[in-house]
Structure formats: structure tokens, C-alpha cells
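Below is one structure, written out as C-alpha cells, with a few remarks after it.
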There are 2 protein chains.
Amino acid sequence: MSEDVKVEVGLGERAYDILIGPGLIGRAGAEIGSRLAGIRAAIVTDENVAAQHLEALKAGLDAGRIASSTIVLPAGEKTKNFAALQEVVDAVLAARLERGDAVIAFGGGVIGDLSGFAAGIVRRGMNFVQMPTSLLAQVDSSVGGKTGINSTRGKNLIGVFHQPRLVLADTAVLDTLPLREFRAGYAEVAKYGLIDRPDFFAWLERNWQDVFAGGPARIEAIAQSCRAKADVVARDEFETGDRALLNLGHTFGHALEAAVGYDGARLVHGEGVAIGMALAHRFSARMNLASPDDAARVEAHLKAVGLPWRMADVPGGLPDAETLLSFIAQDKKVSRGALTFILTRGIGQSFIARDVPVSEVLAFLKENHTG
Amino acid sequence: MSEDVKVEVGLGERAYDILIGPGLIGRAGAEIGSRLAGIRAAIVTDENVAAQHLEALKAGLDAGRIASSTIVLPAGEKTKNFAALQEVVDAVLAARLERGDAVIAFGGGVIGDLSGFAAGIVRRGMNFVQMPTSLLAQVDSSVGGKTGINSTRGKNLIGVFHQPRLVLADTAVLDTLPLREFRAGYAEVAKYGLIDRPDFFAWLERNWQDVFAGGPARIEAIAQSCRAKADVVARDEFETGDRALLNLGHTFGHALEAAVGYDGARLVHGEGVAIGMALAHRFSARMNLASPDDAARVEAHLKAVGLPWRMADVPGGLPDAETLLSFIAQDKKVSRGALTFILTRGIGQSFIARDVPVSEVLAFLKENHTG
Ligand SMILES: NC(=O)c1ccc[n+]([C@@H]2O[C@H](COP(=O)([O-])OP(=O)(O)OC[C@H]3O[C@@H](n4cnc5c(N)ncnc54)[C@H](O)[C@@H]3O)[C@@H](O)[C@H]2O)c1
Ligand SMILES: NC(=O)c1ccc[n+]([C@@H]2O[C@H](COP(=O)([O-])OP(=O)(O)OC[C@H]3O[C@@H](n4cnc5c(N)ncnc54)[C@H](O)[C@@H]3O)[C@@H](O)[C@H]2O)c1
Ligand SMILES: [Zn+2]
Ligand SMILES: [Zn+2]
């Protein structure tokens with residue numbers, strides 16, 4: 001009798017379901033228990049999510065007779081570090097969980113990436129369940145098995161591929177998400193349209209206000225996003241090819257995040273991605289790959305929803321173009337010395353561009369630096 | 001024109017070669033370069049191995065035009081910890097290695113386990129080459145892709161499965177290995193006979209002195225061991241079944257290692273395994289699974305080669321039986337509360353025994369405690 005939408009991630013013996021709908025945390029015990037019978041669980045969450053929703057999740061697990069312990073971490077990107085990883089690993093071992101038991105990530109992408117990594121290395125891999133509570137995590141980070149932490153040398157440089165056994169995206173918990181965070185997640189929703197679904201992007205241009213308001217349009221946007229991501233992941237689980245398309249906007253975006261020292265007060269991940277997507281389209285136009293009209297259309301939509309879309313929108317200013325370039329070159333999408341970017345031939349026509357000339361990128365950064 | 005023996009590990013798209021023979025470090029550049037063209041490498045090693053053989057390896061890599069940086073760690077089991085993992089990961093990132101470049105483990109099982117884990121998590125998995133320098137590493141830890149570090153809650157509880165692309169076992173470097181370490185590695189050689197190769201065990205009983213002396217018998221023993229391990233690994237890469245047989249002697253052995261606080265001056269891994277194998281046979285006899293004659297035969301062989309074979313052989317004394325049992329229960333081969341052991345029906349007839357009664361184990365430990 002539930003109205004959940006189900007999206008399947010087709011990964012053979014590692015295949016799993018994504019359930020999307022309101023009230024799923026109350027049904028977590030039943031949904032997990034029917035797939036992983038008789039397990040115990042360790043919930044990993046952050047202080048914000050714990051304050052708002054932990055009690056409801058505990059009750060939901062109890063209802064399905066799943067015993068659980070809880071690890072609460074500070075909120076924010078800085079938590080994706082080695083010390084927190086060790087803390088989660090120790091807590092899971094202290095709870096004496098075995099390979100067949102589960103780590104449950106209950107939070108945004110930070111909690112998902114960190115605790116998925118921990119689940120991937122405790123006893124060389126335990127069961128893992130994603131319960132994403134931010135829009136970004138529901139449409140992106142909880143799906144596909146990429147886990148990890150940051151290094152002082154760059155974001156997400158350390159981690160493993162470890163697929164969840166189940167993803168439960170409770171759309172009602174998004175009601176407590178700060179608007180700024182909702183917007184940031186929306187950048188990744190728009191990304192799927194820009195990668196290869198021009199009709200979805202056009203639908204978002206018409207319906208974004210309903211997506212923000214909640215209700216069926218929001219569930220639809222989340223389900224479409226999960227389908228888009230699941231398709232890419234099923235084609236290229238370990239990112240040896242196509243999956244890199246999901247990095248649209250991320251090479252520029254990660255450099256901006258690094259430039260502000262991962263200070264979420266100034267720039268959160270999705271905001272970096274928003275600016276990065278606008279820059280990727282503008283750079284593609286500059287390289288005569290796409291029409292400037294398409295870049296303008298992307299910029300207009302990001303602006304309409306209230307997202308930052310140019311470097312000048314980063315509060316507190318940015319280092320000079322050369323420094324930004326060095327952050328780009330440090331990013332992991334550098335292959336054998338050449339710069340790799342996701343560029344585009346137009347809305348929904350992105351592609352992997354290898355050997356992008358460093359000089360062009362530098363000139364472009366200089367031109368756009370003061371916005 | 002090389003006299004190397006080649007053993008293939010049949011893991012489909014993750015298949016790789018083990019080359020065994022004298023002088024391989026001098027040919028490392030050629031062997032690695034012919035399989036992984038154009039890569040750079042980070043050598044991870046320990047102080048003992050570096051002092052004796054690092055220059056020769058550097059020359060061997062140079063000869064094959066493989067540029068390399070080096071990370072030297074303290075020798076010994078205590079190095080398998082989180083801090084050393086982070087140090088290796090940082091050093092590999094600092095050297096700006098990419099996914100296609102390689103981490104080379106140049107040392108015993110400690111270096112192999114630690115740096116294989118690092119290779120498995122930097123950029124979610126880079127190329128990895130094993131160059132084992134201890135007998136134990138050549139016949140066991142370098143083959144099969146199990147990597148990891150220790151937790152205060154038990155050995156090897158944290159890690160990943162990450163297969164090497166190549167294993168180069170230079171049998172000449174074993175000439176600098178302390179006799180005590182050679183003996184410890186020999187325990188794992190004997191293990192393969194005891195698991196399911198009774199003829200190999202009988203061959204060792206006749207030829208062990210030649211194996212210790214060096215020459216063709218040593219190469220033969222290493223190759224047989226690698227074949228035995230490769231067979232098991234190919235059948236069960238992720239240890240969901242049969243591969244657990246390789247833990248013969250390890251449940252008792254790990255408990256003894258934990259009991260001495262992983263103090264290598266008192267007990268090294270292979271010595272723990274030797275005592276553990278003798279105990280597994282003796283316990284099997286006590287449970288009326290095997291003949292006491294088989295237990296006596298195992299004990300006699302371990303004693304002949306100079307290995308410890310009973311608890312009384314651990315210098316400095318052991319905690320009481322209850323404490324030892326708690327170390328066993330903490331070990332990872334505990335499944336859903338029941339104790340799992342590798343027991344035997346005789347020489348070369350070992351099997352996985354689940355639900356071994358805790359009371360029997362405790363009684364057995366008490367009986368054997370003072371040897
Ligand atoms: N693994 C992947 O494939 C992948 C993909 C995209 C992004 N990521 C990662 O995801 C992270 C960003 O994720 P994020 O934006 O969710 O960040 P986040 O986890 O920091 O969450 C954002 C903020 O929202 C709060 N929050 C989350 N849910 C809430 C709720 N329901 N109510 C109130 N507050 C709530 C959090 O406490 C936090 O303060 C980055 O580290 C990024 O690298 C990973
Ligand atoms: N991954 C696996 O499948 C697996 C299997 C078995 C054991 N192991 C692990 O392997 C480790 C034990 O391996 P180990 O016995 O090689 O220990 P080790 O790496 O500590 O090496 C033993 C000692 O020999 C020295 N040494 C190594 N090669 C030498 C050489 N050629 N000349 C001089 N000195 C040399 C080392 O410096 C060290 O002091 C344990 O941590 C164990 O858990 C792992
Ligand atoms: Zn993203
Ligand atoms: Zn061993």
C-alpha cells in the first residue's frame with residue numbers, strides 16, 4: 001500500500017533497489033529486514049540529521065526488529081577525513097558487527113561517502129544501506145557505490161567502490177533540509193538533463209518551482225535522476241569510461257571547493273557544481289563546440305532557481321587563475337599529464353574531452369575571473 | 001633465457017602471473033614494463049629490506065626505465081596500522097601517481113598487506129605489484145589479493161580485496177632473511193600439505209633440509225605453495241567459502257599473536273601458525289575427528305625444522321585459557337556467534353567446521369595450556 005517509486009540498479013549479482021517516497025524511515029526496518037534477514041546495524045549520521053530524524057529511524061528499525069547502535073559525527077565536508085574514518089571503523093568493530101550485518105548511512109553525501117568507505121573496509125567489506133537525507137544524496141551520492149574521503153591533495157582521492165544493498169530515499173525528510181542545501185542538490189538534478197537528457201532539462205525549466213515545493217514533481221525529479229544515474233553506473237561500474245560524464249561541472253567545481261578550503265559557509269559541493277556546469281558550457285562555447293545560447297540558457301536556469309553560476313558569486317573572493325588551474329591539475333580527472341574535462345556540444349550533449357589544452361583553460365579562467 | 005618458474009592465478013580479467021626464481025629484482029623493470037607499459041611506481045619497503053636490497057631494485061627498475069619514488073617504513077607487525085596507511089597513501093598522492101601507475105610492495109607480508117591496502121584505496125584502486133622478500137610473503141601473503149591492517153580489536157580486521165597485477169618472487173633475496181623468519185614462512189608451506197596435499201607434506205618431511213639450504217628444492221616448494229594458494233583463490237576470490245581453508249592454524253595462531261600483543265620478539269605470525277596447526281590437529285584428535293598419530297606426525301615435523309609447536313613454546317608465558325578464548329572469539333572467523341575452525345580428518349584432509357562448541361575449545365585450551 002505504499003506509494004514508493006522503485007528504481008533498480010542493474011549490476012548483476014550486485015543489483016539493488018532504490019525506493020523513493022515519503023515516510024520511508026518509518027518503514028526502514030521492514031524494507032531492510034525483508035532483504036537482509038536477521039542482521040544488526042550500525043547507524044552513521046551527523047549532528048543535524050540526528051537532531052531532526054534519528055528517533056524516527058530508530059523506531060522504524062525497532063518495528064522491523066533490527067537492533068542498532070549509532071555513531072553521530074559533526075556535520076560538514078571536513079568530516080570526510082582519515083580520523084573520522086578510523087572512528088567509524090572502530091565503532092563498527094566495537095559493536096562486534098560481522099560481514100553480514102549492515103552499516104546504515106543516514107545523512108547527506110558526506111555521511112554516505114564516509115560510512116560507505118568504512119563499510120567497504122571493515123572485514124574487507126560488510127553490508128551497506130544508504131538512507132540519504134539531502135537532495136544531493138538522494139539523487140546522486142547514494143547511488144552507484146563510489147565512497148571515499150578527502151585528502152589535503154584533493155577531494156575524494158581515497159576510497160573504494162562498494163555498492164549498497166539497498167537505498168531508501170525518504171522524500172519527507174527533505175522538508176527539514178535548509179533551502180540552500182536543497183538548491184545545491186538541485187544542481188545535480190539539472191546535471192542529468194545537461195549530460196544527455198535534454199527533455200528532462202526542459203521539463204525542469206518549466207517545473208522547477210513544483211520540485212522545490214514538494215509533492216509529485218519532487219518525487220518525479222528524484223526518480224528521473226536516480227534512473228539517469230543508475231543507467232550510467234550499470235554501463236560502467238568502475239569508471240573506466242562513460243561514467244566520467246557524471247563529472248560534468250565537477251572539474252571546475254572541485255577546484256572552487258579546494259580554493260575556498262572546503263569551507264561550506266562559502267561554497268557547498270552542489271554550488272561548486274552549479275558554477276562548474278555553467279563554466280563547462282561557457283568554455284565549450286569558447287572552444288566553438290557549442291552555441292553561446294546554450295551556455296546562456298544554463299546560466300539563466302541556475303540563476304532562476306537561486307544557484308550561483310559564475311566565479312564572482314563565490315563570497316570572499318577567489319585566488320588568481322594560475323592558482324585555480326593548479327587545483328584543477330591536482331584533481332583526479334587528470335590522465336597521464338593531459339587535462340580531461342567533460343565538455344558539451346549543447347544541452348544534453350556532453351562528452352568526455354581528453355587533451356584539453358592547459359593554455360586554453362588558463363586563458364578562460366582569466367577572462368571569467370572577475371565574472 | 002631466465003630459469004623463472006611461472007604460476008598463473010586464474011581470475012579472469014584480474015588474472016596475473018607469479019614469477020619465481022633467483023635474480024628477479026634485477027629484471028623487475030623489464031617484467032613490470034612488459035605488462036604495464038609507461039608507468040611510474042612508488043616502492044613501499046621496510047628498513048631491513050631497504051638496507052639489503054633497495055639499491056638493486058632501483059637499478060632493476062631503472063634498467064626498464066621505470067621511474068620510482070620510495071617510502072621506507074619501520075619493520076614489523078606494528079607497522080600494519082592506520083597511521084602508516086595514511087602515510088603511504090599521502091606519499092603516493094604526493095608523488096602524483098595516477099590510477100594506471102603502480103605501488104610496488106617490496107618486503108614481507110607486513111609491507112605487502114599495508115601497501116596493497118593503500119593501492120586499493122588511492123583513487124579507488126591503482127595498479128599494484130607484489131615483490132615479496134620473505135618466504136612467508138612469497139608462498140602466501142603476496143598471492144590472492146587480501147590486503148589490510150590490524151585493529152586493536154584484532155588482526156587484519158580492516159582492508160580490501162585488491163589483486164596485484166604481477167608477483168615477482170626473487171628467491172635469491174631469501175638468502176638475507178633471518179633463519180627464524182625463514183622457519184616462520186615454512187610453516188605456511190607445510191600448511192598447504194596439511195590442507196589438501198598429503199603427498200606434498202610427505203615430500204616436505206623428506207626434503208625440508210634441501211628447502212632450507214636453497215637451490216631447486218626451495219624453488220619447487222615455493223612454486224608448489226603458490227600453485228596451491230592460486231587454486232584456492234581462483235575458486236573463491238572473496239572468501240565466501242573454500243578459501244577459509246587457508247586459515248588452517250590461524251584461529252589459534254591469531255589468538256596467540258594477540259596474547260603477546262603482536263610482539264615479534266616473542267612470536268612472529270608463522271610461529272603462531274605453526275603452533276596453531278599443531279593445536280588444530282590435536283584438537284581434531286580430541287574431537288575424534290582424526291587419529292592422534294596424525295597430530296603427532298605434524299608436531300614431529302614442526303619440531304624437526306625448529307618451529308615452536310605447543311603453547312609452552314611461547315617465551316614469556318601466556319594469559320589463562322579464558323583470556324585466550326576471548327581472543328579467539330574476537331577473531332574474524334566468528335560467524336553469527338558460533339565458533340568456526342578449520343579442523344581435519346587427517347594429514348591433507350582439513351575442512352571448515354562451523355558451530356564448534358565453545359566449551360570444548362575452552363577445555364582443550366586448559367588441558368594444553370602448560371604444554
Ligand atoms: N559518492 C558519490 O558518488 C558522490 C556524488 C556526489 C557528491 N558526493 C559527495 O557528497 C557530499 C555532499 O553531499 P551533501 O550536499 O548531502 O552534503 P552533507 O552531507 O554535508 O549535507 C549537507 C548539509 O545538510 C544537512 N542535512 C542533510 N540532510 C538533512 C535533513 N534532512 N534535514 C536537515 N539537515 C540535513 C547536513 O547535516 C549538512 O549540514 C560531498 O562530499 C561530495 O563529494 C559524492
Ligand atoms: N594477505 C594475506 O593473504 C596474508 C597471508 C599470510 C600472512 N599475512 C600477513 O603477513 C605478515 C607476516 O609476513 P612476514 O612474516 O613476511 O612479516 P614481515 O613483513 O614483518 O617480515 C618479517 C621480517 O623479515 C624482514 N625481511 C623480509 N624480507 C627480508 C629479506 N629478504 N632479508 C632480510 N630481512 C627481511 C622484515 O624486515 C621483517 O623484519 C602478517 O602481518 C600476516 O598477517 C597476510
Ligand atoms: Zn557532485
Ligand atoms: Zn598466515
Side-chain angles (χ1 to χ4, degrees), chain A residues 13 37-40 81-83 85-101 113 116-126 145-154 156-162 237-240 243 329-338 340, chain B residues 13 37-40 81-83 85-101 113 116-126 145-154 156-162 237-240 243 329-338 340:
Chain A
E13 54 179 22
I39 64 151
R40 294 187 300 140
N81 66 33
F82 245 108
L85 176 71
Q86 188 171 2
E87 192 181 329
V88 175
V89 163
D90 280 350
V92 172
L93 288 171
R96 294 199 174 222
L97 297 198
E98 299 171 14
R99 254 170 131 176
D101 293 321
D113 281 11
F117 188 12
I121 64 175
V122 171
R123 299 173 191 278
R124 297 196 185 80
M126 323 181 22
K146 260 193 182 185
T147 74
I149 58 176
N150 301 323
S151 152
T152 49
R153 297 175 194 282
N156 299 324
L157 286 179
I158 310 165
V160 293
F161 286 95
H162 188 59
E237 183 176 4
F238 299 111
E239 191 164 346
T240 52
R243 184 165 176 166
Q330 227 171 58
D331 193 78
K332 73 191 152 181
K333 284 169 292 302
V334 180
S335 179
R336 316 231 128 263
T340 297
Chain B
E13 53 179 22
I39 65 152
R40 294 187 299 140
N81 66 32
F82 246 110
L85 177 70
Q86 187 170 2
E87 193 182 328
V88 174
V89 164
D90 281 349
V92 172
L93 288 170
R96 297 200 170 218
L97 296 199
E98 299 170 16
R99 254 169 132 179
D101 293 321
D113 281 11
F117 188 13
I121 65 175
V122 172
R123 300 171 191 279
R124 296 193 187 82
M126 322 179 23
K146 259 194 182 183
T147 74
I149 58 175
N150 301 322
S151 152
T152 49
R153 297 176 194 281
N156 298 324
L157 287 179
I158 310 165
V160 293
F161 286 94
H162 188 59
E237 183 176 4
F238 299 111
E239 191 164 346
T240 52
R243 184 164 175 167
Q330 228 171 57
D331 192 79
K332 72 191 155 184
K333 284 168 292 305
V334 180
S335 178
R336 319 229 126 263
T340 297

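Naming: A, B, ... by sequence-line order, numbering from 1 per chain. This one's a predicted model, so the numbers in the text were calculated from it and none came from an experiment.
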* Structure fact -> side-chain hydrogen bond (donor to acceptor under 3.5 Å, both in side chains) filter on E237(A), not counting sequence neighbours, yields R14(A), Q163(A)

* Please report the shortest heavy-atom distance between L93(B) and R153(A), naming the atom on each side. => CB-CD, 3.5 Å

* To do: Please report the closest heavy-atom contact between R99(B) and F161(A), naming both atoms and the distance.
  => NH2-CE1, 3.4 Å

* Separation of Q86(B) CD from Q86(A) CD (nearest 0.5 Å) -> 8.5 Å

* To do: Find the distance between CZ (F82(B)) and CD (E87(A)) and round it off to the nearest 0.5 Å.
  => 11.0 Å

* Structure fact -> Residue from D90(B), L85(B), T147(B) scoring the most non-hydrogen pairs under 4.5 Å with chain A is T147(B)

* To do: Sequence neighbours left out, what passes side chain to side chain contact (heavy atoms under 4.5 Å, CB included) with D113(A)? Give chain and number order.
  => K80(A), S141(A), N156(A)

* So which part of V160(B) gets closer than 4.5 Å to some heavy atom of chain A, the side chain, the backbone, both or neither? -> both

* Check each atom of A94(B) against the heavy atoms of chain A and say whether the ones under 4.5 Å are side chain, backbone, both or neither. => both

